[in-house]
Protein chains: 4
Amino acid sequence: MTHSKSVRQSPGKRERLAAAAAQVLHEQGVEQTTIADIARAADVPLGNVYYYFKTKDQLVEAAIDAHAQSLRSMIGVLDELPAPQDRLKALLNGWVEQRELTARHGCPTGTMASELDKRADGLDQSVAKVIQVLLDWVEQQFQAMGRSDSRELAVALIAAYQGISLLTNTFRDPDLMAAEGRRLERWIDSLT
Amino acid sequence: MTHSKSVRQSPGKRERLAAAAAQVLHEQGVEQTTIADIARAADVPLGNVYYYFKTKDQLVEAAIDAHAQSLRSMIGVLDELPAPQDRLKALLNGWVEQRELTARHGCPTGTMASELDKRADGLDQSVAKVIQVLLDWVEQQFQAMGRSDSRELAVALIAAYQGISLLTNTFRDPDLMAAEGRRLERWIDSLT
Amino acid sequence: MTHSKSVRQSPGKRERLAAAAAQVLHEQGVEQTTIADIARAADVPLGNVYYYFKTKDQLVEAAIDAHAQSLRSMIGVLDELPAPQDRLKALLNGWVEQRELTARHGCPTGTMASELDKRADGLDQSVAKVIQVLLDWVEQQFQAMGRSDSRELAVALIAAYQGISLLTNTFRDPDLMAAEGRRLERWIDSLT
Amino acid sequence: MTHSKSVRQSPGKRERLAAAAAQVLHEQGVEQTTIADIARAADVPLGNVYYYFKTKDQLVEAAIDAHAQSLRSMIGVLDELPAPQDRLKALLNGWVEQRELTARHGCPTGTMASELDKRADGLDQSVAKVIQVLLDWVEQQFQAMGRSDSRELAVALIAAYQGISLLTNTFRDPDLMAAEGRRLERWIDSLT
DNA sequence: TATGAATGAGGGTTCATTCAT
DNA sequence: TATGAATGAACCCTCATTCAT
């Protein structure tokens with residue numbers, strides 16, 4: 001946000017850093033990742049990183065923001081679909097499509113939530129907000145389907161995704177995600 | 001199990017360290033926990049830790065073993081119950097009873113699986129095995145209930161637990177676990 | 001004085017920087033002050049500072065010069081007074097009037113002399129010269145008062161001021177300066 | 001204090017570090033001194049320093065304590081003298097004897113007070129306390145001499161010392177201290 | 001076995017200075 | 001001249017691991 005007007009600087013360097021942070025932090029975890037790792041991934045000299053982000057935490061925050069952003073854009077696409085059931089199934093579809101990545105590193109938001117919870121800073125709240133956004137959206141879909149227990153169903157769906165992501169990752173088996181995706185699809189159909 | 005032959009050494013010091021490791025690692029996460037933390041929690045002098053565990057990884061392994069052990073003993077208790085449905089519901093019950101702890105630190109095994117996956121060592125495989133044991137047991141119950149899709153159902157149940165643990169922890173809301181527990185109970189009933 | 005020929009450049013920017021340096025360095029000390037601090041205080045872009053001053057040392061030098069300048073102008077005012085005793089008492093007066101600032105940050109010249117002595121560069125000599133100027137002027141006053149021990153008395157007076165500045169600052173008590181000012185006034189009266 | 005009982009450790013390492021800190025910080029100033037400098041001066045491996053002092057600030061505090069300690073012992077010696085005038089003159093004597101060191105680095109306590117004042121931490125208060133001790137002791141001597149203005153005189157004497165230390169250091173001229181010492185001796189004699 | 005102490009390899013961060021425009 | 005950005009050397013501090021007794 002802050003530097004968006006400046007034209008002099010290598011364009012999008014801040015964004016490049018945020019994107020690199022999002023990727024590397026997902027792959028290696030927050031604690032295992034050094035600022036030098038992120039700098040290298042973004043092809044930015046180490047010292048220069050601090051021009052854009054004053055602390056490692058701010059880089060983590062930026063990575064979370066990046067995930068939030070891609071979540072919002074995904075939701076934007078899903079909202080194009082007319083029927084709420086189809087929106088939810090499209091969401092499932094996206095998850096299943098990402099199963100290889102998930103098998104390797106887990107759900108980006110979920111692993112971060114898990115790891116950041118162990119720390120004193122407020123970053124865990126930032127991740128919580130991201131998940132909340134998705135939760136709210138899913139709830140709306142169930143509501144649109146006429147379910148009065150929409151909240152509970154939304155929690156169940158997100159939990160199912162987070163849980164299968166963890167198993168997919170732990171066993172490094174993308175098929176787990178695929179199978180659970182099909183099961184959840186049937187479950188959604190059964191709710192109408 | 002390990003070292004059961006050596007009787008000479010200070011009784012249970014190794015076990016005390018393993019137990020302390022299990023607890024502290026759950027509370028703080030692997031990366032955030034120093035050997036000194038564990039030594040202090042076990043009331044063992046720092047230097048002495050290395051007599052029992054040559055590396056930090058071995059301590060982590062011992063903590064995983066401790067979790068495996070308590071899982072086995074839990075399974076032992078559950079197996080007393082005659083009906084597989086009741087066994088599964090008792091399992092659910094245990095999860096719900098632990099919801100406060102889960103809200104604070106997540107599922108011990110799940111958070112470790114998530115964190116250890118980011119590391120190069122083979123510790124992630126150790127956690128995977130622990131989860132595998134539970135998975136297999138749940139599968140057996142579904143099989144005993146006459147379900148041919150027992151594996152898929154087992155995966156779904158464990159995933160649901162792992163996922164709701166993560167949400168419970170992220171939002172620090174034990175009620176999430178309670179509600180999902182009730183929902184899963186109904187789901188199990190519906191499978192007969 | 002310096003650069004008075006160049007008229008083209010943004011008027012007084014160099015002076016603004018020197019003045020800002022003098023103030024901020026007094027408030028924060030040389031080591032605690034970054035070039036960015038001075039740039040901000042002078043409302044000059046960081047990079048631009050280096051157009052006027054090639055190194056931090058040169059900025060410090062400029063700050064010292066600024067203090068020298070204000071010392072010279074003060075002496076100019078004092079010299080208007082006809083009697084040397086009155087000139088010295090007016091000097092005391094000025095010190096006492098600044099006691100609040102001194103309580104907060106000490107004597108600008110004294111604290112710099114103290115800090116710069118610890119460094120390898122020749123800046124300590126620059127501060128020494130400033131103090132020398134004052135010392136010489138005070139000596140002249142005592143000489144005009146007919147004292148043959150004028151040098152010793154001058155040293156004593158400046159030392160008393162530097163010392164009480166340090167105590168005033170250390171204990172953050174401006175009253176110390178006020179009381180010592182009165183005492184020194186009586187002392188001067190006693191010398192005639 | 002804390003480690004005084006332990007016999008295993010290289011005896012007095014903590015003290016060696018504190019002494020080295022006191023010396024090096026006096027010579028180079030707080031900001032100019034790195035922990036590595038102190039470690040080298042004490043012949044202690046860098047990392048090991050942190051076993052005894054958790055932060056640089058604690059090392060500075062230890063150095064201040066060392067100065068306080070030597071002040072106390074000096075006072076102990078002076079108190080042996082029967083007459084308060086002689087005690088004060090002996091104090092002066094000690095200052096004059098140290099004039100070479102003072103010319104090179106200033107008064108250890110004074111320069112620290114000056115430098116630490118610029119920092120946010122509470123270390124300045126620690127130095128203030130040290131000076132306070134000396135101030136109180138000097139005041140007692142003047143009181144014993146029957147002076148009702150003992151506090152003011154004490155402040156004046158300490159200020160004179162601090163000030164002449166600064167000048168002695170700034171001009172690197174130990175004779176300044178010597179001359180002022182003689183002058184203050186006469187002054188004390190004149191007060192009886 | 002037990003224990004305080006020692007070691008050293010990183011990691012995060014700061015900042016004077018330089019660069020490119 | 002003006003300016004945001006880039007660079008890299010240093011510094012403080014942590015911690016797994018080893019040592020000496």
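By convention in this document, chain letters (A, B, ...) are assigned in the order of the sequence lines, proteins followed by strands, and residues within each chain are numbered from 1.
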Practice prompt. Select one nucleotide: of E:dA16, F:dT17, E:dA6, the one nearest the side-chain heavy atoms of C:Ile35.
Written response: E:dA16
Worksheet item: Say you draw a straight line from OG1 of D:Thr109 to NE2 of D:His67; how long is it, rounded to the nearest 0.5 Å?
Response: 6.0 Å
Worksheet item: From C:Ile38 CD1 over to C:Leu17 CG, what is the distance, rounded to the nearest 0.5 angstrom?
Response: 8.0 Å
Discussion item. Does atom CG (A:Asp43) have a neighbourhood of more than 12 heavy atoms from anything else shown, all under 6.0 Å?
Written reply: no
Fill in: Approximate separation, where rounding is to 0.5 Å, of B:Met112 CE and B:Ile131 CD1
11.5 Å
Worksheet item: Can a salt bridge be assigned to the pair D:Arg119 and D:Glu31 using a cut-off of 4.0 Å between side-chain N and carboxylate O?
Response: yes
Practice prompt. Nearest whole angstrom, please: distance from the P of F:dC15 to the CZ of B:Arg40.
Written response: 10 Å
Discussion item. Expressed as a whole number of angstroms, how long is the span from D:Glu31:CD to E:dA16:C1'?
Written reply: 15 Å
Fill in: Rounded distance (Å) that lies between atom P of E:dA16 and atom CZ of C:Arg119
10 Å
Worksheet item: Quick one: is D:Tyr52 getting a side-chain N or O under 4.0 Å of the E:dA6 phosphate, OP1 or OP2?
Response: yes
Practice prompt. Let me know the distance between CD of D:Gln32 and P of E:dT14, rounded to the nearest Å.
Written response: 19 Å
Fill in: Length of the CD-P vector between B:Gln28 and F:dC15, whole Å
10 Å
Worksheet item: If only side-chain N and O atoms of C:Asn48 are considered, is one of them under 4.0 Å from the OP1 or OP2 phosphate oxygen of F:dT3?
Response: yes
Worksheet item: Any side-chain N or O of D:Tyr50 under 4.0 Å from OP1/OP2 of F:dC13?
Response: yes
Practice prompt. Please check the phosphate of F:dT14 (OP1 and OP2 only) for any side-chain N or O of D:Lys54 closer than 4.0 Å.
Written response: no
Practice prompt. Find out whether the Lys NZ or Arg CZ of D:Arg14 is both under 6.0 angstrom from the six-membered ring centre of D:Phe53 and within 45° of the ring's axis.
Written response: yes
Worksheet item: Does F:dT1 have OP1 or OP2 sitting under 4.0 Å from an N or O in the side chain of C:Lys13?
Response: no
Discussion item. Less than 6.0 angstrom from the centroid, inside 45 degrees of the normal: does B:Arg16 satisfy that with respect to the ring of B:Tyr52?
Written reply: no
Fill in: Distance below 4.0 Å between C:Tyr51 side-chain N/O and F:dT1 OP1 or OP2
yes
Item to complete: Would you write the dot-bracket representation of DNA chain E, where each base gets (, ), [, ], | or . depending on whether it forms a Watson-Crick or G-U pair under 3.5 Å and with which partner?
Response: .||||||||||||||||||||
Fill in: Residue whose nearest DNA chain F nucleotide is more 5′ - B:Lys56 or C:Leu46
C:Leu46
Discussion item. Please report the distance, rounded to the nearest Å, between CZ in B:Arg14 and P in E:dT1.
Written reply: 11 Å
Worksheet, complete the sentence: Atom CG of C:Asp43 and atom C1' of F:dT3 are separated, to the nearest Å, by 13 Å
Response to the item:
CG (B:Leu25) and OG1 (B:Thr111) are apart, to the nearest 0.5 Å, by 9.5 Å
Discussion item. By nearest atom, which of the nucleotides F:dC13, F:dT3, E:dT1 is closest to the C:Pro45 side chain?
Written reply: F:dT3
Worksheet, complete the sentence: Nearest-nucleotide check on DNA chain F, D:Gly47 vs A:Gly47; residue mapping nearer the 5' end is A:Gly47
Fill in: Whole-Å gap separating P (E:dA16) and CG (C:Asp121)
14 Å
